[in-house]
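A quick write-up on the structure given underneath.
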Amino acid sequence: MKKTLLFAAATAALHGGVLAQTPAPSVVSIYGIVDLALRHTTNDGATAATRGDSQSQVTAGMSQSRLGLNISEDLGGGLRALGNLEHRFNADEGTQAATDFWRQSWVGLQGGFGRITVGRQYNVLFDVFTSTYASFRYSPYIEAFKPEIGFSLGSRNSNMVKYLVESGPWRAAVQASVSEGAATGGKSSGGYVRYASGGFAAGGAYLALRDGAARKSEVVTLGGSYSSGPWSTSLGLTRNKFESGFNPLIIASLLSNGGTNGTFALGNVEHRDMLSVGAGYQLTPQLNLGAHYWHARQTGRNIAGDGKADFYAVVADYAFSKRTDVYLEIDRTRFRDSLTFANGATSRVGTMVGVRHRF
């Protein structure tokens, strides 16, 4: 055995230049999350007649359950091929969570020039938010209650080309996508810049999205975060602006978040602003506490579209290991002026307890 090892070492030494240039085999890794929770919601229901408290098992408490493949191949000379396929599912029923089977499906190349990826992938708004001033330290946002995600224009775009480059603490990316003649549009363009050093991070992004009639929606976001020891804080500002006549069905699909944002999802909107601020504290190595507040203000095409909303959430997360945790979450929504939920309610409280496993 020792002779074999010595021979292998000698061969490697004699042919080091050749072996160093031999590309490594491609690597495919499977990853995923299974997250299930029990949720109690007040003032729930689709209409005023059915309004009341509800209890349900939700498949997306802190995170959406998912199954994905990461693909990587060393092509030699510092060049690497990358790819990702990610499916979202309802763990409580075993059904598909969205109409698109693959929530992400992209391929790309990475090297000294940066990284370029092509396909359906996260947009620049989602990238800068989740990496720089996410709402919670241990989970970027609460899947079952996520008012901030309504400002990311759907979080993903299809038919996208994205280019990313990094230099020291700086990272920047640009994206562009085409609609391919779809009636709902989908053409986009934008970019972000991010700086991170030590416990401090700050960034900003811009994205424009056009509907099938080439009318435009624009988003600008800025924010930052700071972590020191057990403490973490984050602050973000975002504005959505919609050109007159922008397809209201697309607005609803982009902003609704399953009803979290109430009639913010309707078409009578000229622009919306949101302030997001939160803090977290690592009480013990296993127990993390977090609290977040969002204030949203909408300006409509007329006074009927004006309104304000306040969103609150607190979370206690206990980690049994690096992969398995349990959580308790409480959230509250309060609307003012002309804003209501679809059933006419102006406030709602949700309570959720769940378990999540990452692999």
Side-chain angles (χ1 to χ4, degrees), residues 19-35 60 63-91 94-132 134 139-141 143 149 152-167 170-180 182 186-194 196 203 205 207 209 322-323 356-359:
L19 292 175
Q21 296 175 16
T22 302
S26 61
V27 177
V28 178
S29 57
I30 300 174
Y31 69 91
I33 297 174
V34 182
D35 187 329
S63 303
Q64 176 69 59
S65 297
R66 70 196 69 180
L67 180 65
L69 299 173
N70 275 324
I71 305 158
S72 177
E73 182 182 12
D74 186 351
L75 301 177
L79 186 64
R80 181 174 294 276
L82 304 170
N84 176 258
L85 296 171
E86 184 177 285
H87 171 66
R88 303 294 178 98
F89 62 92
N90 299 315
T95 55
Q96 188 170 312
T99 55
D100 47 351
F101 186 87
W102 297 114
R103 297 294 274 164
Q104 291 197 84
S105 54
W106 55 262
V107 66
L109 293 172
Q110 179 175 298
F113 57 86
R115 186 174 79 173
I116 185 167
T117 50
V118 183
R120 178 168 175 78
Q121 52 195 305
Y122 288 121
N123 65 32
V124 293
L125 300 173
F126 188 87
D127 284 347
V128 76
F129 160 70
T130 55
S131 67
T132 311
S139 187
Y141 53 88
E143 181 66 29
I149 300 300
S152 64
L153 291 183
S155 303
R156 307 168 188 83
N157 293 116
S158 299
N159 307 310
M160 185 203 297
V161 178
K162 185 194 296 182
Y163 174 67
L164 180 147
V165 63
E166 294 184 89
S167 178
W170 291 94
R171 179 191 299 170
V174 293
Q175 75 163 74
S177 62
V178 295
S179 64
E180 295 188 342
K187 183 178 180 180
S188 72
S189 59
Y192 78 84
V193 176
R194 176 182 186 267
L207 184 63
L209 177 70
K322 290 183 179 181
R323 297 183 179 275
R356 173 175 55 179
H357 178 76
R358 305 175 179 91
F359 60 90

Looking only at heavy atoms, which two atoms of A173 and V124 are closest? And how far apart?
O-CG1, 4.4 Å
Between N70 (side chain only) and I30 (backbone N and O only), is there a donor and an acceptor less than 3.5 Å apart?
no
Can you tell me how far apart CZ (R156) and OH (Y122) are? Round to the nearest 0.5 Å.
4.5 Å
Going by distance alone, is a donor N or O of one side chain under 3.5 Å from an acceptor N or O of the other, for R194 and T132?
yes
Say you draw a straight line from CG of L82 to OG of S26; how long is it, rounded to the nearest 0.5 Å?
12.0 Å
If you round to the nearest 0.5 Å, how far is OG of S152 from CZ of F129?
8.5 Å
I116 versus V161: any side-chain heavy-atom pair under 4.5 Å?
yes
Under the 3.5 angstrom rule, does the side chain of S177 hit a backbone N or O of G186 as a donor-acceptor pair?
yes
Taking every heavy atom of A205 against every heavy atom of L125, the minimum-distance pair comes out as CB-CD2, 4.0 Å
For a quick check under 3.5 Å, do R356 and S139 share a side-chain donor-acceptor pair by atom type?
yes
Could you check whether any side-chain heavy atom of R171 comes within less than 4.5 Å of a side-chain heavy atom of S131, counting everything from C-beta outward?
yes
Can any side-chain N or O of Q96 pair as donor or acceptor with the backbone N or O of A98 at less than 3.5 Å?
yes
In sequence, state the C-alpha distance, the side-chain angles, and the governing distance for T95 and N90, and then conclude on side-chain hydrogen bond (donor to acceptor under 3.5 Å, both in side chains).
CA-CA 5 Å; T95 55; N90 299 315; 2.9 Å; yes
Might you point out which heavy atoms bring L207 and S188 nearest each other, and give the distance in Å?
CD1-CB, 4.2 Å
Between Y31 and E86, a side-chain donor and acceptor under 3.5 Å
yes
Could you tell me whether the side chain of L109 reaches within less than 4.5 Å of the side chain of L75, counting heavy atoms only?
yes
Side chains of W170 and V193: closer than 4.5 Å at any heavy-atom pair?
yes
Spacing of CZ belonging to F113 relative to CG belonging to L79, to within rounding of 0.5 Å
5.5 Å
Do the non-hydrogen side-chain atoms of V178 and K187 ever get within less than 4.5 Å of each other?
no
Between R88 and S65, is there a side-chain donor-acceptor contact under 3.5 Å, judged purely by atom types and distance?
no
Can you give me the closest heavy-atom contact between F101 and H87, atom names plus distance?
O-ND1, 2.7 Å
Non-hydrogen atoms of R115 and Q110 that approach each other most closely
CD-OE1, 3.1 Å
Please name the pair of heavy atoms, one in R66 and one in F359, separated by the smallest distance, quoted to 0.1 Å.
O-CZ, 4.5 Å
K322 (side chain) donor-acceptor with R358 (main chain) under 3.5 angstrom:
no
With rounding to the nearest 0.5 angstrom, report the CD1 to CG distance, I71 to L85.
5.0 Å
Derivation of the side chain to side chain contact (heavy atoms under 4.5 Å, CB included) call for W106 and V118
CA-CA 5 Å; W106 55 262; V118 183; over 6 Å; no
Under 3.5 Å donor-acceptor, N84 side chain and L69 backbone
yes
Under a 3.5 Å distance rule, please check whether N123 uses its side chain to pair with a backbone N or O of F126 as donor and acceptor.
yes
Do we see a donor-acceptor contact under 3.5 Å between the side chains of Q175 and N157?
yes
I want to check something: taking the side chain as every heavy atom from C-beta on, are R120 and D100 in contact at a cut-off of under 4.5 Å?
yes
I need the D127 CG to Y192 OH distance, nearest 0.5 Å.
5.0 Å
